[in-house]
Structure formats: structure tokens, C-alpha cells
J.: 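Below is the structure I would like to discuss, written out as C-alpha cells.
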Amino acid sequence: MKYRLICFCLLVLMSVLIVGCCKGTAVFPTGAYLAHVMDEEIVLDITIDGTYTAVRAGKALITKGIYRPAGNTITFGANPPCVEEATYTWTLDDQTLTFEASGEDLCRERQAYLEDVIYNCI
């Protein structure tokens, strides 16, 4: 009986994690997202452990770092090439994730990859 209960709980947990990025939510929707930025395909992978990576098609790493979610905002930590952290407001509409800078982002490269870009859940 305990075995069945544990299996059921694990199944429910796995189901929530698998569909997490594809549903509207008040908690930041972790998962993998695909966008087209400056004629490149970008995969943004935001993990539940507070880290993220951004990779160009062909697996060339753009950046990786840490983030802190708070309600409908996310703060990306300082990491190369950006020396300052920045906070963005995020919106998830169906399977589409978008970001808008909350204040000024001093890192123009990060802003170019986030603002006015549509990320689709993959």
C-alpha cells in the first residue's frame, strides 16, 4: 500500500513538473523556451533550482547564471557579459513567455535577448 502511495505521489509531482512551463501561473514557469532573436534560434532553459542557460542553435552557450523570481518579476543575476543584475516583469500567455524590463537594464545584450522577444514553450 505504501509503495502505491509513493508511486502515485511521484507520478503527480512529475506531471506538474512536465507541464509547468506550458500553463499560466503566478509562480515563475520554469522550463525550456525557444525564440528567434537577431536571425538566430535561442533556447532559454530556466531550471527549478534557480539557474538558467541561454544557448544558440548549434549549442553555442550565450550565457548562464542565476535568477530570483518574485511574483510576476524575475531578477537575473550579474554574469558575463553583464556586470549588473536586472529585473524584468514576465508574462505567460498560453505557451508564450515575454519579458519587459522593470526600470533600466544596463546590459544592452541581455535586454536585446529578453525584451520584445517571444519565447515559446518547447
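Note that the numbering runs from 1 along the sequence shown for the chain.
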J.: Which atoms form the tightest heavy-atom contact between R110 and G77, and what is the distance?
T.: NH1-O, 3.7 Å

J.: Quick check: do L92 and L97 have side-chain heavy atoms less than 4.5 Å from each other?
T.: yes

J.: Considering residues at least two apart in sequence or located in another chain, which fulfil the side-chain hydrogen bond (donor to acceptor under 3.5 Å, both in side chains) criterion with Y67?
T.: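 Y67: no side-chain hydrogen bond (donor to acceptor under 3.5 Å, both in side chains) contacts found.
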
J.: To check you understand the geometry: which heavy-atom pair defines the closest contact between V117 and A35, and what is its length?
T.: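 Closest approach of V117 to A35: CG1-CB, 3.6 Å.
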
J.: I need the single residue from D45, I66, N79 that forms a side-chain contact (heavy atoms from CB on, under 4.5 Å) with Y52. Which is it?
T.: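 For Y52, the side-chain contact (heavy atoms from CB on, under 4.5 Å) check succeeds only for N79.
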
J.: Does a side-chain heavy-atom distance below 4.5 Å link F99 with L44?
T.: yes

J.: Rounded to the nearest 0.5 Å, what separates atom CD in E40 from atom OH in Y113?
T.: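 It comes to 5.0 Å.
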
J.: Could you list who else is in L106's hydrophobic cluster, with ILVMFWY side chains joined at under 4.5 Å, directly or through other members?
T.: none

J.: Do I122 and Y33 pass the side chain to side chain contact (heavy atoms under 4.5 Å, CB included) test, and can you show the C-alpha distance, the side-chain angles, and the key distance before you say yes or no?
T.: CA-CA 5 Å; I122 54 175; Y33 296 88; 5.8 Å; no

J.: Supply the members, apart from V55, of the Ile/Leu/Val/Met/Phe/Trp/Tyr cluster built from side-chain contacts under 4.5 Å; use none for a lone residue.
T.: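 ILVMFWY cluster around V55 also holds L61.
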
J.: Same cluster or not: are L114 and V83 linked, directly or through other Ile, Leu, Val, Met, Phe, Trp or Tyr residues, by side-chain heavy atoms under 4.5 angstrom apart?
T.: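 Shared cluster, no.
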
J.: Flag the pair F76 / C82 as yes when at least one side-chain heavy-atom distance between them is below 4.5 Å, and no otherwise.
T.: no

J.: Does A101 offer a backbone N or O that forms a donor-acceptor pair with the side chain of E115 under 3.5 Å?
T.: yes

J.: Which pair of heavy atoms, one from F28 and one from P69, lies closest together, and at what distance?
T.: CB-CB, 3.8 Å

J.: Taking the side chain as everything from C-beta on, heavy atoms only, tell me whether H36 gets closer than 4.5 Å to I42.
T.: no

J.: Could you name each residue pair satisfying salt bridge (Lys or Arg N to Asp or Glu O under 4.0 Å) that touches residues 60-89, not counting sequence neighbours?
T.: R68-E85

J.: List for me each residue that meets side-chain hydrogen bond (donor to acceptor under 3.5 Å, both in side chains) alongside T89, sequence neighbours excluded, and say none if there are none.
T.: S102

J.: So Q95 and N120, do their side chains get closer than 4.5 Å, heavy atoms only?
T.: no

J.: With sequence neighbours left out, write down each residue that passes side chain to side chain contact (heavy atoms under 4.5 Å, CB included) with T98, or none if nothing qualifies.
T.: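 With sequence neighbours excluded, T98 shows a side chain to side chain contact (heavy atoms under 4.5 Å, CB included) to T91, T96, I118, given in chain and number order.
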
